[in-house]
There are 2 protein chains.
Amino acid sequence: MEKDKTISNTTIRRLTKYYRYIEELDLKETSIISSYTLGKMMGISPSLIRQDFNAIGEFGRQGHGYNLDTLKKEIGEFLGINKIHNMIVIGAGNLGQTLANYDGFAKVGFPIKGLFDINPKLIGMKINGIEIIDLDQLNSFIKDNNIDIGILCVRKHCVQQMTDILVDAGIKGIWNFSAIDIDVPDDVKVESVNFSNSLFTLSYLMNDKYTNQKS
Amino acid sequence: MEKDKTISNTTIRRLTKYYRYIEELDLKETSIISSYTLGKMMGISPSLIRQDFNAIGEFGRQGHGYNLDTLKKEIGEFLGINKIHNMIVIGAGNLGQTLANYDGFAKVGFPIKGLFDINPKLIGMKINGIEIIDLDQLNSFIKDNNIDIGILCVRKHCVQQMTDILVDAGIKGIWNFSAIDIDVPDDVKVESVNFSNSLFTLSYLMNDKYTNQKS
DNA sequence: TAGATTGTTAATCGATTAACAATC
DNA sequence: TAGATTGTTAATCGATTAACAATC
């Protein structure tokens, strides 16, 4: 099924976009879509769309287009989002609690099972039905609850320390919302959401002198 | 000062990273750094670093390296982050309040001046000293307070509607935290932080079958 | 001066676009 | 069948790396 060509990061990011877009479309009756139409709607060239889809399999029908259900299933399969990923949040501050309050992740198969903190005032509280637990329970909780993703929402002075704890506990995926980058072994995957980088990029785009650019 | 070569998006993203990195370094006494050393620390090739820096100006000293202060100042200047950008948040829900509670943006010159919502229960409340205001006050508030960035934190069913309101009010930069993409005129710049895209990318990276990839 | 490191051009590598034969 | 659109190869474009002369 999968070719041994490696798939570029840009393709992966677009695949997540297609998936999201198709999800929105799903409600409507259209069950077949051409690369031309999808490209028109999403602002991506049809050629690139076909390259992207063909990178992960062959599921178009020549002369017709792509079946939306198949497309969604295949992309989902490829990205590994057709199975459950249990998550925990490290740091039950504002951001950690906000993520716990958001039900969108659970809906797509990424439920948050627990929040971890060291602040005794928080421990025992429940956010959206999710308990805040003492950090020293982490190891057993990860094992007992089949956790595979840790979400980092702590201040930068303890980010690396918390990372190391997660890695030691056997976590293989870290979603890093902290302000700094982290070091992990090769077999641990990291995806960072860095607010500063994003805000500074916006600042650049708005900077009068440079008025070209498309995102 | 600026060449008319357009600067690629990848270079911009790296420039924001350098800036952030240099900020952390600033505390220490090292005032000069070579592309080799910086590259070693950040995992970026020295050659690429020099290309990036030269894209926005010439401020290295041959035989020595780059002065950290100059570097920070020049990159900041280029990204437009050496001046104040007043921001407002649209949607005073969990995420909007969390962003308002975070002081990091104000510290780097991006203060949040107001939160907007339509929920009467929220209006009048203060989050971290920032007032929640009725949406119908938006236009005058933007003018009176010199706002140039709107942060979108609303549910997807009203995202485009809120975008249009911001655009009509003359906002030129939108930081979009909502779940879907938005349409704006060419002169309005958008930077999106899409949690789903990010989470799905992490999912892919962890997907056993495909164990190559570096972020 | 000798050593080091930049600035910059050339070479390579990778990603996007164009084109078209295959085929539904 | 004719028309449409995929799958895929070739051409182009852009980004990264290598190399080295310039110079501090």
Side-chain angles (χ1 to χ4, degrees), chain A residues 1-18 22 30-71 74-75 78 201 210 212-215, chain B residues 1-18 22 30-71 74-75 78 201 210 212-215:
Chain A
M1 180 179 288
E2 50 278 2
K3 323 243 176 99
D4 52 2
K5 254 188 297 182
T6 67
I7 286 157
S8 75
N9 204 272
T10 51
T11 294
I12 301 300
R13 303 271 163 187
R14 276 193 305 271
L15 285 169
T16 67
K17 271 200 162 182
Y18 300 135
I22 292 162
T30 341
S31 64
I32 294 252
I33 199 165
S34 71
S35 58
Y36 176 83
T37 310
L38 187 60
K40 197 86 171 183
M41 294 192 301
M42 296 187 66
I44 299 177
S45 92
S47 196
L48 187 51
I49 289 179
R50 293 204 298 281
Q51 293 279 22
D52 285 340
F53 290 172
N54 275 86
I56 66 171
E58 276 176 45
F59 36 81
R61 262 187 80 209
Q62 279 167 125
H64 297 78
Y66 299 89
N67 180 289
L68 280 182
D69 283 340
T70 313
L71 207 46
E74 292 281 344
I75 298 175
F78 176 78
T201 301
Y210 320 95
N212 18 24
Q213 209 74 16
K214 277 249 175 144
S215 144
Chain B
M1 181 181 285
E2 49 276 4
K3 324 241 179 102
D4 52 2
K5 255 187 301 182
T6 66
I7 285 158
S8 73
N9 204 271
T10 50
T11 295
I12 301 299
R13 303 272 162 187
R14 277 193 304 273
L15 285 169
T16 68
K17 269 201 164 182
Y18 299 136
I22 291 163
T30 340
S31 65
I32 294 253
I33 199 164
S34 71
S35 57
Y36 176 82
T37 310
L38 187 60
K40 196 87 173 183
M41 294 191 302
M42 295 187 66
I44 299 178
S45 92
S47 196
L48 187 52
I49 289 179
R50 293 204 299 280
Q51 294 279 23
D52 285 341
F53 290 172
N54 276 86
I56 66 171
E58 277 177 45
F59 36 80
R61 263 187 79 211
Q62 280 169 125
H64 296 80
Y66 299 89
N67 180 289
L68 281 182
D69 283 339
T70 313
L71 207 47
E74 293 280 346
I75 298 176
F78 176 78
T201 301
Y210 320 95
N212 17 21
Q213 209 74 14
K214 277 245 173 146
S215 147

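Quick note on labels: first sequence line is chain A, next is B, and so on, each numbered from 1.
Comparing D:dA15, C:dA15, D:dC24 by their closest approach to the side chain of B:R61 singles out D:dC24. Closest to the side chain of B:N54, from the set C:dT6, C:dG7, D:dT16, is C:dG7.
Between the side chain of B:E58 and the base of C:dT8, no donor-acceptor pair of N or O atoms lies under 3.5 Å. Checked by distance alone, B:Q51 brings a side-chain donor or acceptor within 3.5 Å of a matching partner on the base of C:dT9.
Residue order along DNA chain C, read from the 5' end via each residue's closest nucleotide, puts B:H64 first among A:H64 and B:H64. Comparing A:T11 and B:Y36 along DNA chain C, the residue whose closest nucleotide (by nearest heavy atom) sits nearer the 5' end is B:Y36.
Atom CG of A:D52 and atom C1' of D:dG7 are 14 Å apart (whole Å). For A:I44 and C:dT16, the CD1 to P distance is 10 Å, given to the nearest whole Å. In this structure, CD1 of B:I32 is placed 12 Å from C1' of C:dT6, rounded to the nearest angstrom. Rounded to a whole Å, the NZ atom of A:K40 is 13 Å from the P atom of D:dT5. Protein atom CD1 of A:I49 is 14 Å distant from nucleotide atom P of C:dA18, rounded to whole Å. A straight line from CG of B:L48 to C1' of C:dT6 spans 15 Å, rounded to a whole angstrom. The CE-P distance, from B:M42 to D:dT16, rounds to 14 Å in whole Å. For A:L38 and D:dT5, the CG to C1' distance is 14 Å, given to the nearest whole Å.
In this structure, B:Y66 does not reach the D:dC24 phosphate: none of its side-chain N or O atoms is under 4.0 Å from OP1 or OP2. Taking side-chain N and O atoms only, B:S45 has no distance below 4.0 Å to OP1 or OP2 of D:dA18. OP1 or OP2 of C:dT6 lies within a sub-4.0 Å distance of a side-chain N or O belonging to B:S35.
Side-chain contact check for B:L71 versus B:F59: some heavy-atom pair is nearer than 4.5 Å. Under the 4.5 Å side-chain criterion, counting only non-hydrogen atoms from C-beta, A:L15 is in contact with A:Y18. Residues B:I22 and B:Y66 have side chains not in contact (no heavy-atom distance under 4.5 Å, counting atoms from C-beta outward).
In this model, no donor atom of one side chain and acceptor atom of the other lie less than 3.5 Å apart for B:S45 and B:S47.
In summary, of the residues considered (A:K40, A:R50, A:Q51), a side-chain hydrogen bond (donor to acceptor under 3.5 Å, both in side chains) with A:S35 occurs for A:R50 alone.
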Using Watson-Crick and G-U wobble pairs with both distances under 3.5 Å, what is the 5'-to-3' dot-bracket string of DNA chain D, with [ ] for crossing pairs and | for pairs outside the strand?
..||||||||||||||||||||||
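For the pair A:R14 and A:L48, the tightest heavy-atom approach, listed with the atom from each and the gap, is NH2-CD1, 3.4 Å. Taking each heavy atom of B:N54 and B:E58 in turn, the nearest pair found is ND2-CG, 3.8 Å.
Annotation: the span from B:L38 atom CG to B:F53 atom CZ amounts to 5.5 Å, rounded to 0.5 Å. Here the straight-line distance linking atom CD1 of B:I49 with atom OG1 of B:T11 works out to 12.0 Å at 0.5 Å rounding.
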Worked check of side-chain contact (heavy atoms from CB on, under 4.5 Å) between A:M41 and A:I33
CA-CA 11 Å; A:M41 294 192 301; A:I33 199 165; 3.3 Å; yes
Provide a list of protein-nucleic acid N or O atom pairs under 3.5 angstrom, restricted to nucleotides 19-21 of chain D.
| residue | atom | partner | partner atom | Å |
| --- | --- | --- | --- | --- |
| D:dA19 | N6 | B:R50 | NH2 | 3.1 |

